[in-house]
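Notes for the one structure printed next.
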Amino acid sequence: MNGSRVYARLWHGLLAVVVLGSLVTQIALTAQGSPGPDGVVQPVITRFVRLFSYFTIQSNILLLIVSVTLARNPDRDGPLWRVIRLDAVLGIIITGLVYATVLAGTSNPSGAGWWSNLGFHYVAPWWALLGWLLFGPRSRMDRRTLCWAVLWPVTWIGYTFAHGAATDWYPYPFTDVTKLGSPAVLINLTAVVVITLLFGAVLRLLDPRLPSARPAEPAAPVVPSPRSGAEPVTHQGE
């Protein structure tokens, strides 16, 4: 194994530790429960349904799956894998950007929640992006992969509307139909999808132009042809 693969495995492994620690911390805090703005502690099932309804949590779960996999095999590939990998990278970038530009001013975590917030919104997004830039794997992006990668954000938007209509609870202020109205929320979420597509297009443009941690393929052996003792013949696939 060459040095770049070792560094890639270490990078992804450390990222997996950060994300896992943040997730475990947040799950523990959710299990403990705390009073909401109305002073009522929601049932544990409700708390966990809401926890896993956050785009932040879903994107970090995808990133954890991807990081663990790449820590084991930095060259992992496959059609479904490419979509999951792209969703993880795009999702966590959007998570970091939206939090920094929209939500940070409304959030005031403390104690263990401060640490999980740090991992979710500050460490994971930019560590993941830098890891993709440094190690890939690539080239793994094409138009079909990008199109399929949009399915998860669009599904999350549909779920958010449906869940909010049934429970009158929305995960983020900019998704709150009750306060903002459906047209405004739809515009907000459409903007998120457009930003996701733009970042996906940028990553696709960069993908074949960046170096990869994958070692070069060995040259095919050259052996003399059986028809003449001098003419070399290259045997492929051996």
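Below, each value reflects all heavy atoms present in this structure, side chains not excepted, and no hydrogens, waters or symmetry copies.
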Side chains of Arg85 and Thr69, heavy atoms from C-beta outward: is any pair under 4.5 Å? no
Yes or no on side chain to side chain contact (heavy atoms under 4.5 Å, CB included) for Asn188 and Thr175, after CA distance, side-chain angles and deciding distance? CA-CA 7 Å; Asn188 291 340; Thr175 65; over 6 Å; no
Worked verdict on Ser53 versus Tyr170 for side-chain hydrogen bond (donor to acceptor under 3.5 Å, both in side chains): CA-CA 9 Å; Ser53 296; Tyr170 297 89; over 6 Å; no
Indicate, with yes or no, if Leu206 and Val83 share a hydrophobic cluster defined by side-chain heavy-atom contacts under 4.5 Å among Ile, Leu, Val, Met, Phe, Trp and Tyr. no
For the side chain of Arg72 and the backbone of Val68, is there at least one donor-acceptor N/O pair under 3.5 Å apart? no
Between Arg5 and Asp75, does any NZ, NE, NH1 or NH2 come within less than 4.0 Å of an OD or OE carboxylate oxygen? yes
Provide the closest heavy-atom pair for Phe120 versus Gln26 in the form atom of the first, atom of the second, distance. CE1-CB, 3.9 Å
Are the side chain of Ser107 and the backbone of Ala104 linked by a donor-acceptor contact shorter than 3.5 Å? no
Linking Ile, Leu, Val, Met, Phe, Trp and Tyr through side-chain heavy atoms less than 4.5 Å apart, which residues share a cluster with Leu198? Val194
Are the aromatic ring centres of Trp152 and Tyr159 under 6.0 angstrom apart? no
Interatomic distance, Thr145 atom OG1 to Ile84 atom CD1 [nearest 0.5 angstrom]: 11.5 Å
Asn60 side chain to Val19 main-chain N or O, any donor-acceptor pair under 3.5 Å? no
In the structure I gave you, are the side-chain heavy atoms of Leu189 and Phe161 within less than 4.5 Å of one another anywhere? yes
Rounded to the nearest 0.5 Å, how far does CG of Leu51 lie from OG1 of Thr30? 4.0 Å
For Ile92 versus Pro125, what's the shortest heavy-atom pair and its separation? O-CB, 3.3 Å
Using side chain to side chain contact (heavy atoms under 4.5 Å, CB included), reason through Val185 and Phe174 one step at a time and then give a plain yes or no. CA-CA 6 Å; Val185 171; Phe174 62 87; over 6 Å; no
For residues Arg144 and Arg82, determine if any side-chain heavy atom of one lies less than 4.5 Å from a side-chain heavy atom of the other. no
If we count only N and O atoms by modelled type, under 3.5 Å, do the side chains of Asp168 and Thr178 hold a donor and an acceptor together? yes
Would you say Trp127's side chain and Leu14's backbone share a donor-acceptor pair under 3.5 angstrom? no
Does CH2 belonging to Trp81 count more than 12 external heavy atoms closer than 6.0 Å? yes
Testing the basics here: between Ala201 and Leu146, what is the closest heavy-atom pair and its distance to 0.1 Å? N-CD2, 4.3 Å
Looking only at heavy atoms, the pair that brings Pro153 and Asp87 closest together is CD-OD1, 4.2 Å
In this structure, would Leu205 and Leu130 fall into the same cluster of hydrophobic residues linked by side-chain contacts under 4.5 Å? no
In Å and rounded to the nearest 0.5 Å, what is the CG to CD1 distance from Leu63 to Ile93? 10.0 Å
Please tell me whether Tyr172 and Thr56 have a donor and an acceptor in their side chains that are separated by less than 3.5 angstrom. yes
Rounded to the nearest 0.5 Å, what separation is found between the CG atom of Leu203 and the CZ atom of Phe199? 8.0 Å
ILVMFWY network linking Trp156 to Leu151, side-chain heavy atoms under 4.5 angstrom: no
Rounded to the nearest 0.5 Å, how far apart are CZ of Arg76 and CG of Leu70? 9.0 Å
Taking every heavy atom of Ala124 against every heavy atom of Leu15, the minimum-distance pair comes out as CA-CD1, 4.0 Å
Does atom CH2 of Trp169 have more than 12 heavy-atom neighbours, drawn from other residues, nucleotides or ligands, at distances under 6.0 Å? yes
Name of the residue among Tyr54, Tyr99, Phe55 meeting ring pair (Phe, Tyr, Trp, His ring centres under 6.0 Å) with His121: Tyr99
Side chain to side chain contact (heavy atoms under 4.5 Å, CB included), that's the test. Do Trp115 and Thr25 meet it? Break it down for me. CA-CA 8 Å; Trp115 289 103; Thr25 300; 5.6 Å; no
Distance-minimising heavy-atom pair for Pro173 and Leu180: O-CD1, 3.4 Å
Student check: side-chain heavy atoms of Ile157 and Val193 closer than 4.5 Å: yes
Test side-chain hydrogen bond (donor to acceptor under 3.5 Å, both in side chains) applied to Tyr122 and Asn117, step by step: CA-CA 8 Å; Tyr122 292 103; Asn117 181 70; 5.1 Å; no
Determine whether Val192 and Ile187 fall in the same hydrophobic cluster, where Ile, Leu, Val, Met, Phe, Trp and Tyr are linked whenever their side-chain heavy atoms lie under 4.5 Å apart. no
I'd like to know if the side chain of Thr101 and the backbone of Leu97 have a donor-acceptor N/O pair within less than 3.5 Å. yes
Group every Ile, Leu, Val, Met, Phe, Trp and Tyr by side-chain heavy-atom contacts under 4.5 Å, then state whether Leu29 and Val123 land in the same group. no
Should Pro79 and Trp148 count as side-chain neighbours, where that means a heavy-atom distance under 4.5 Å? no
Give, for atom CZ of Arg50 and atom NE2 of His163, the distance between the pair rounded to the nearest 0.5 Å. 7.0 Å
Test item: side-chain donor near acceptor, Ser59 and Thr95, under 3.5 Å: yes
